[in-house]
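Written out below as structure tokens is the structure these notes cover.
Below, read A as the first sequence line, B as the second, and so on, with proteins coming before strands; counting in each chain starts at 1. Predicted, not measured: the structure shown is a model, and the values here were computed from it.
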2 protein chains.
Amino acid sequence: MVERHRLDSMFHPGSVAVVGASASPGAWGGASFLGRLQKLQFAGSLYPVNPKATEVNGLRAYPDIKSIPEPPELVIIAIPGPAVPQVLEDCITAGVKNVHIFSSGFAETGLEEGRQLDRQITEIIRRGDLRVVGPNCMGLYVPASRLAYWGEEPEGSGSVAFLSQSGGHGEMLSGYAQKLGVYFSKMISFGNACGLQAIDFLEYLAQDPETKIITMYLEGIRDGGRFTRLVKRVNRFKPVIVWKGGLTEGGSRAVASHTGSLAGEEKVWDAFFAQTGAVRAGSLEEIVDITLAFMHLKPPCGRRVLLIGGGGGNSVAMADICSREGLEVPRLTEETRRELNTFIRLAGNSARNPVDAWMLQENADLFRRTVEMAVADPMIDMVILDRYVWNEDGRNPERLRQMETVSDFIIEFARENRYDKPVVMALNASANDPDSAATAARLWTKSAKAGLPTYLSQLSASRALSRFVGYHEFLAKSGDGEE
Amino acid sequence: MVERHRLDSMFHPGSVAVVGASASPGAWGGASFLGRLQKLQFAGSLYPVNPKATEVNGLRAYPDIKSIPEPPELVIIAIPGPAVPQVLEDCITAGVKNVHIFSSGFAETGLEEGRQLDRQITEIIRRGDLRVVGPNCMGLYVPASRLAYWGEEPEGSGSVAFLSQSGGHGEMLSGYAQKLGVYFSKMISFGNACGLQAIDFLEYLAQDPETKIITMYLEGIRDGGRFTRLVKRVNRFKPVIVWKGGLTEGGSRAVASHTGSLAGEEKVWDAFFAQTGAVRAGSLEEIVDITLAFMHLKPPCGRRVLLIGGGGGNSVAMADICSREGLEVPRLTEETRRELNTFIRLAGNSARNPVDAWMLQENADLFRRTVEMAVADPMIDMVILDRYVWNEDGRNPERLRQMETVSDFIIEFARENRYDKPVVMALNASANDPDSAATAARLWTKSAKAGLPTYLSQLSASRALSRFVGYHEFLAKSGDGEE
């Protein structure tokens with residue numbers, strides 16, 4: 001039998017107590033956690049703790065942790081900060097091990113009383129050998145355990161973990177990602193990290209069989225050297241995608257008032273990325289963009305990209321964007337160009353790379369012939385198919401049908417992958433036109449859920465591919481046994 | 001009486017001939033120009049030229065230019081490239097001065113026959129002293145003259161000019177910009193520029209009383225020194241916003257196959273921007289973003305920005321983005337923070353800069369109090385109000401109402417501008433949620449049209465403000481008489 005990781009009972013608890021559970025229907029944040037667990041049909045025992053109630057949401061309420069008949073496998077603390085130390089003491093007395101402190105009012109306030117409270121709970125946590133997430137955080141989100149008491153209601157469980165020093169980012173990501181078919185094994189919002197650190201969670205995720213890709217939002221970490229070594233090791237077998245917040249002067253001041261962390265200098269983090277090979281992201285959207293590539297694509301052989309899009313000016317823009325993101329836009333071979341020219345010229349398009357196939361986008365057959373022919377070119381390692389939902393497109397039923405047909409072809413083409421080259425789609429939409437924006441959202445979510453990495457702009461597509469290739473280049477360069 | 005500029009008759013012609021006008025209803029491009037002019041009720045005389053027809057769209061057709069009873073003030077040539085030289089000869093014979101060559105098949109093909117044709121028409125143009133736009137371009141778009149035979153149908157005429165070496169960009173921009181209340185005085189798509197150059201059009205726009213802001217998409221220019229000096233001079237009294245395409249290796253190859261231009265090296269263009277003070281843009285969307293600032297904002301006193309948004313993680317992201325774009329995110333004064341803390345703390349928000357006003361976004365009164373108080377702070381030069389249309393927001397009627405209310409307040413607040421500090425709004429939307437994407441588009445267009453510069457992301461807002469401030473810093477630094 002495989003030994004259970006010491007944190008496993010935290011992520012898959014048989015019983016949960018919520019200290020500060022409120023029955024009021026407008027309850028927000030911690031007070032609403034119990035209701036969410038009930039709604040998602042959490043399978044274990046649930047214990048509301050509230051000294052002012054005998055019952056909450058139809059469940060018997062307890063005045064404190066010690067009164068609960070069994071030590072809960074997870075205690076969620078959602079009461080004002082100054083009351084937290086006593087609850088932790090009760091946890092120790094009751095034999096509780098796993099605690100999530102939702103409460104805020106600690107070092108992140110920047111006030112002496114907050115820092116004092118921080119020191120106080122840190123001492124209790126150490127003395128009681130408690131495993132604590134927080135304080136000042138949303139805690140755990142584990143769809144497979146139905147332990148999703150915050151964030152968007154999960155549509156499913158997946159293989160992506162998100163480790164975050166911002167609960168807000170977790171909230172936003174939970175809904176955003178699953179619309180594109182990115183489902184989570186675990187999300188962990190760990191806030192001020194008075195107990196468990198990023199490094200503890202990363203160790204857990206590294207061995208977690210449900211997790212294949214690890215994404216992170218970090219503000220500051222302690223024990224940077226050990227963390228760097230761990231990321232370097234884990235990144236070899238599970239890609240680690242990191243968004244580091246607070247790298248600028250303004251951002252680092254914001255970090256201090258958010259989680260009380262020291263954000264660290266940009267050059268230190270540049271070294272972190274260079275040493276570990278972790279994949280750099282710059283926003284939630286970028287985390288998802290890059291994750292889609294890791295979920296669905298096989299590693300390409302190089303950085304040479306074929307761009308199929310439309311319009312002369314757009315071709316220049318596409319090539320500029322790719323070049324800036326570190327991809328190459330090579331000439332196609334003379335042979336491919338000759339073949340393409342047999343039919344593409346007639347339509348007034350251009351058989352170079354970028355292939356200007358503006359008018360072909362409305363003719364699925366010609367578009368298919370172009371794509372098939374160009375992708376086969378030996379100069380090409382991967383493909384971005386650029387498409388446009390512009391101005392009045394979102395209100396033109398015929399155009400919408402054509403776009404659907406072309407999308408379906410691309411999804412199928414990418415799935416067959418006869419040329420063994422990654423294929424992605426970029427949608428460029430008039431975001432200020434409600435119909436076009438909504439149409440782009442529909443095409444995007446449909447194809448991403450069908451397994452085709454799809455992006456809302458050519459920039460996002462290029463950046464995601466560049467980071468994806470960079471990861472594989474790092475692995476190839478750094479060899480296997482090397483540390 | 002003010003002397004008429006030599007190009008004025010081109011932009012406000014009393015009569016137009018379309019060579020290659022087709023009556024077929026599916027006609028695309030040049031063949032459809034005549035129909036568009038009729039649809040928009042062009043006020044002057046229209047002469048279809050088509051040797052195979054006696055009538056086109058109810059108008060008498062002529063076999064060639066020479067047969068038309070008067071020399072048309074503008075001739076649009078939309079027939080295959082090899083037939084263009086003869087039409088130009090006819091124009092000379094008939095005494096025509098202004099010509100737009102829509103036809104392609106010249107130097108942009110990269111083929112010897114195309115280059116030969118280019119040289120041939122260049123010679124005819126010089127000999128006949130013709131004023132020629134093109135070839136290989138969409139030509140002129142002048143809403144006030146109802147001379148808008150391409151692009152989105154104009155909703156109105158405005159004070160922004162767009163000078164472009166890509167007709168596709170003009171097409172896209174025409175619809176995109178006017179949704180945000182950015183209307184055009186003139187759009188000029190000038191393609192290969194065998195006759196009139198960017199510099200000729202710029203001279204015209206500089207003296208054009210309808211034009212207050214000049215935007216451009218350039219691929220390559222001739223006579224760089226003269227162009228640079230002209231931009232430097234014009235930029236002093238009409239902001240010149242330039243998107244230069246083809247600055248990368250891949251992009252410059254794409255430029256060669258688009259307009260046959262030499263794209264030039266990046267450092268040459270860096271010097272151009274440094275010397276002229278022209279405002280740098282990187283996409284059509286950025287051109288519009290920056291233009292909105294110039295249209296609606298008074299120059300700020302400095303780069304110190306107040307960020308009001310929501311969430312700890314978002315605050316860090318907002319501050320990072322601003323810092324990277326070259327704006328400062330200063331601490332508020334002790335006094336403002338104390339005042340803010342009297343009520344903001346209660347709501348669990350943070351009274352620093354960025355001001356974390358997550359929950360206040362749903363409470364218009366508290367939001368107003370926060371904004372009024374923070375904007376007055378002497379540390380602040382300008383304001384970005386960050387708002388979120390995320391995940392399920394687009395389907396929540398109550399939330400939609402709150403967002404409308406807050407938007408209306410911000411529009412009004414920015415209009416009053418009691419503190420004499422630029423105020424802009426950034427909408428951050430889940431672009432992959434059809435309802436949220438459409439809602440953001442509606443809020444965006446409404447407030448931009450109401451005169452509040454509004455952006456679809458915090459990045460766009462920061463970049464636009466930074467470029468706007470940069471322009472005014474350049475003017476202040478370079479003084480008046482200096483060249």
Side-chain angles (χ1 to χ4, degrees), chain A residues 104 108 152 164-169 172 175-176 179-180 217 219 245-251 253-255 257-259 283 310-320 322-324 328-329 331 348 350 352 354 358 390-392 430-435 437-442 444-445 456, chain B residues 104 108 152 164-169 172 175-176 179-180 217 219 245-251 253-255 257-259 283 310-320 322-324 328-329 331 348 350 352 354 358 390-392 430-435 437-442 444-445 456:
Chain A
S104 54
E108 83 282 359
E152 199 95 343
S164 178
Q165 252 171 312
S166 161
H169 286 341
M172 289 171 111
Y176 180 85
K179 287 196 180 69
L180 300 169
Y217 169 73
E219 295 196 341
L247 283 178
T248 66
E249 198 192 319
R253 196 152 55 231
V255 157
S257 75
H258 179 217
T259 52
S283 65
N314 277 323
S315 292
V316 175
M318 287 163 65
D320 271 342
C322 275
S323 292
R324 272 190 226 285
E328 291 159 36
V329 189
R331 274 179 217 276
S350 169
R352 287 159 175 116
W358 184 256
W390 205 262
N391 294 343
E392 305 308 311
S430 302
N432 64 13
D433 181 276
D435 292 314
T439 299
R442 271 181 222 108
W444 183 15
T445 50
L456 193 60
Chain B
S104 55
E108 83 282 359
E152 199 96 343
S164 178
Q165 253 172 310
S166 161
H169 286 341
M172 289 170 112
Y176 180 84
K179 288 196 179 71
L180 300 169
Y217 169 72
E219 294 196 342
L247 283 177
T248 67
E249 197 193 318
R253 197 152 53 231
V255 157
S257 74
H258 179 217
T259 51
S283 66
N314 277 324
S315 292
V316 175
M318 286 162 66
D320 270 342
C322 275
S323 292
R324 271 189 226 286
E328 289 159 37
V329 189
R331 275 179 218 275
S350 168
R352 287 163 175 113
W358 185 255
W390 206 261
N391 293 342
E392 306 307 311
S430 302
N432 64 14
D433 181 276
D435 292 315
T439 299
R442 270 181 223 108
W444 185 14
T445 51
L456 192 59

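Interatomic distance, B/Arg253 CZ to A/Ser323 OG, rounded to the nearest 0.5 Å: 8.0 Å.
With respect to chain B, the highest number of heavy-atom pairs below 4.5 Å among A/Ser104, A/Gly313, A/Ser164, A/Ala319 belongs to A/Gly313. Note: A/Asn314 leads A/Asn314, A/Thr445, A/Val329, A/Asp435 in heavy-atom pairs under 4.5 Å with chain B. The greatest number of non-hydrogen atom pairs below 4.5 Å with chain A, out of B/Cys322, B/Gly167, B/Gly250, is found for B/Gly250. Chain B forms more heavy-atom pairs under 4.5 Å with one residue of A/Thr439, A/Leu456, A/Asn432, A/Asp433 than with any other, namely A/Asn432. Ranked by heavy-atom pairs under 4.5 Å with chain B, the list A/Ser315, A/Ala440, A/Gly168, A/Ala431 is led by A/Ala431. Ranked by heavy-atom pairs under 4.5 Å with chain B, the list A/Met172, A/Arg442, A/Glu249 is led by A/Met172.
B/Glu328 meets the side chain to side chain contact (heavy atoms under 4.5 Å, CB included) test with B/Arg303, B/Arg304; sequence neighbours excluded. Applying the ring pair (Phe, Tyr, Trp, His ring centres under 6.0 Å) rule to A/Tyr217 yields the partners A/His169, A/Trp243; only residues at least two apart in sequence or on another chain are considered.
Just one of A/Leu247, A/Val255, A/Thr248 meets the side-chain contact (heavy atoms from CB on, under 4.5 Å) condition when paired with B/Val316; it is A/Val255.
In this structure, B/Pro354 and A/Ala254 approach most closely via the heavy-atom pair CD-CB, 4.2 Å.
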